[in-house]
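Note sheet for the following structure.
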2 protein chains.
Amino acid sequence: MGEDPGEVAAGAARTAAGAAFSALVEAVFRLNGRLVAAGDALAAPAGLTSARWQVLAAVEDAPASVADVARTLGNARQSVQRVADVLAEEGLCAWAPNPAHQRAKLLVLTEAGRDALARVGARQATWANGIGERVGEASLREAAATLRRAIEALGQ
Amino acid sequence: MGEDPGEVAAGAARTAAGAAFSALVEAVFRLNGRLVAAGDALAAPAGLTSARWQVLAAVEDAPASVADVARTLGNARQSVQRVADVLAEEGLCAWAPNPAHQRAKLLVLTEAGRDALARVGARQATWANGIGERVGEASLREAAATLRRAIEALGQ
DNA sequence: CGCAGATCGACAGCATGCTGTCAATGGTAT
DNA sequence: ATACCATTGACAGCATGCTGTCGATCTGCG
């Protein structure tokens, strides 16, 4: 969708700012793809994937229900549910009774889950440090700020 | 994966540049999600989705085989194949014989496909102009350049 | 000319994300 | 208390992307 759609109907001419945004969109798509692949590569040695890593990380500090995790990650409840079920099967997390809600059990990390998270975290830090070094902290901060403004602009 | 993994094993301390990159990763994930949703919304009135739009756009200027389109988009051949089959069924594109390869037929736009593409293109231009205006051309260009440098750094 | 490797479409299977729906549960206003 | 509404987990189904594999088809080297 960020791809240049080529010829454009008259009356919908692209401004310079619009073209700049479209170029950013393309870069975001490409970078996103690379990052997902990199995340999977980082997580694989610990027996995780990007999706499972995110769910585990969401309950690292405190247990939470599936619906809580979904809200935190910005995903659909059902998507998180499936991943959580797999994680529980594999013993990386477990279901704990929720004093505030009988059906909505709490997802808690097991020791194995905490270990896996620590391993992935260490790998991710090393990886992020390397890329950060090569791109430069100042540019990264500016770019992130611009992206956040774009997110905000999209919300309107 | 861009999520802060919380505690990090000793010996893998996060540098300032690493933290800045991780923050950018999170912003990219969030923005990517918003953009995909926005793309679908832009394409829907023309009876398209983001994926179909991209495939159609790839053959707008010249017919191409499924494998060609896949390389252009950076996707797997099989993913493009499925979308192309649907597009052909719906009459937005058609299969033309390929003088250079008997099996690898060429995907060509039909009139209906060209119309749909024009409608989406007009909508996308208006949309991109609006967001571009709000975020600012200079920031957008800088951010895109930084993202491209990150992509390059990831390639190593 | 003929054979080996690369390329291509097709099919099967998997992971991740989404929406829609339902019954169970919890909270709230009357 | 009770009745209504929001939340939650569960299940079904769909879209998109990926890998693996197969036979068919080009390409190029000997």
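Proteins get letters first, then strands, A, B, ... in listed order; numbering begins at 1 in each.
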Answer yes or no: does a side-chain N or O of [X] lie under 4.0 Å from OP1 or OP2 of [N]?
{"X": "B:Gln78", "N": "D:dC18", "value": "no"}
{"X": "A:Gln102", "N": "C:dT25", "value": "yes"}
{"X": "A:Arg82", "N": "D:dC11", "value": "no"}
{"X": "B:Ser79", "N": "D:dT16", "value": "no"}
{"X": "B:Thr49", "N": "D:dT16", "value": "yes"}
{"X": "A:Arg71", "N": "D:dT8", "value": "yes"}

What integer distance in Å separates [X]:[atom1] from [N]:[atom2]?
{"X": "B:Leu48", "N": "D:dA15", "atom1": "CG", "atom2": "C1'", "value": "14 Å"}
{"X": "A:Asp40", "N": "D:dT19", "atom1": "CG", "atom2": "C1'", "value": "13 Å"}
{"X": "B:Asn75", "N": "D:dT16", "atom1": "CG", "atom2": "P", "value": "11 Å"}
{"X": "B:Leu35", "N": "D:dT16", "atom1": "CG", "atom2": "C1'", "value": "17 Å"}
{"X": "B:Asp68", "N": "C:dC8", "atom1": "CG", "atom2": "P", "value": "7 Å"}
{"X": "A:Glu90", "N": "C:dA15", "atom1": "CD", "atom2": "C1'", "value": "13 Å"}
{"X": "A:Asn32", "N": "D:dG17", "atom1": "CG", "atom2": "P", "value": "12 Å"}
{"X": "A:Asn98", "N": "D:dT7", "atom1": "CG", "atom2": "P", "value": "16 Å"}

Query raised in the report: Does a side chain donor of either A:Asp68 or A:Ser65 reach within less than 3.5 Å of an acceptor in the other side chain?
Result: yes
Query raised in the report: Just checking, is any N or O donor in the side chain of A:Asp40 or A:Thr49 under 3.5 Å from an acceptor N or O on the other one?
Result: no
In terms of side-chain heavy atoms of [X], which of [options] is nearest?
{"X": "A:Gln81", "options": "C:dG9, C:dT16, D:dA10", "result": "D:dA10"}
{"X": "B:His101", "options": "D:dC26, D:dG17, D:dT16", "result": "D:dC26"}
{"X": "B:Arg77", "options": "D:dT21, D:dT25, C:dG17", "result": "D:dT21"}

Report task. Would you classify A:Ala67 as touching base, sugar-phosphate or nothing, given that sugar-phosphate means primed atoms plus P, OP1 and OP2, and contacts are heavy atoms under 4.0 Å? Result -> sugar-phosphate
Requested in this report: Scan B:Ala104 against the nucleic acid and name what it touches under 4.0 Å (heavy atoms): base, sugar-phosphate only, or nothing.
Outcome: sugar-phosphate
Report summary line: When rounded to the nearest 0.5 Å, the distance separating CG of B:Asn98 from CG of B:Leu106 is 4.0 Å
Report task. Calculate, to the nearest 0.5 Å, the distance between atoms CG and CZ belonging to B:Leu42 and B:Arg119 respectively. Result -> 13.5 Å
**Report entry** Given DNA chain C, 5'-ward residue of the pair A:Ala76 and A:Ala100, judged by closest heavy atom
**Finding:** A:Ala76
Query - base_contact_polar (C:dG26 base, A:Arg103 side chain, donor-acceptor, <3.5 Å) - result: no
Report task. Apply salt bridge (charged side-chain N to carboxylate O under 4.0 Å, His left out) to the pair A:Asp85 and A:Arg82, showing each step before the final yes or no. Result -> CA-CA 5 Å; A:Asp85 287 341; A:Arg82 189 178 20 159; over 6 Å; no
Query raised in the report: With the threshold set at 4.0 Å, does a side-chain nitrogen-carboxylate oxygen contact exist between A:Arg148 and A:Glu152?
Result: no
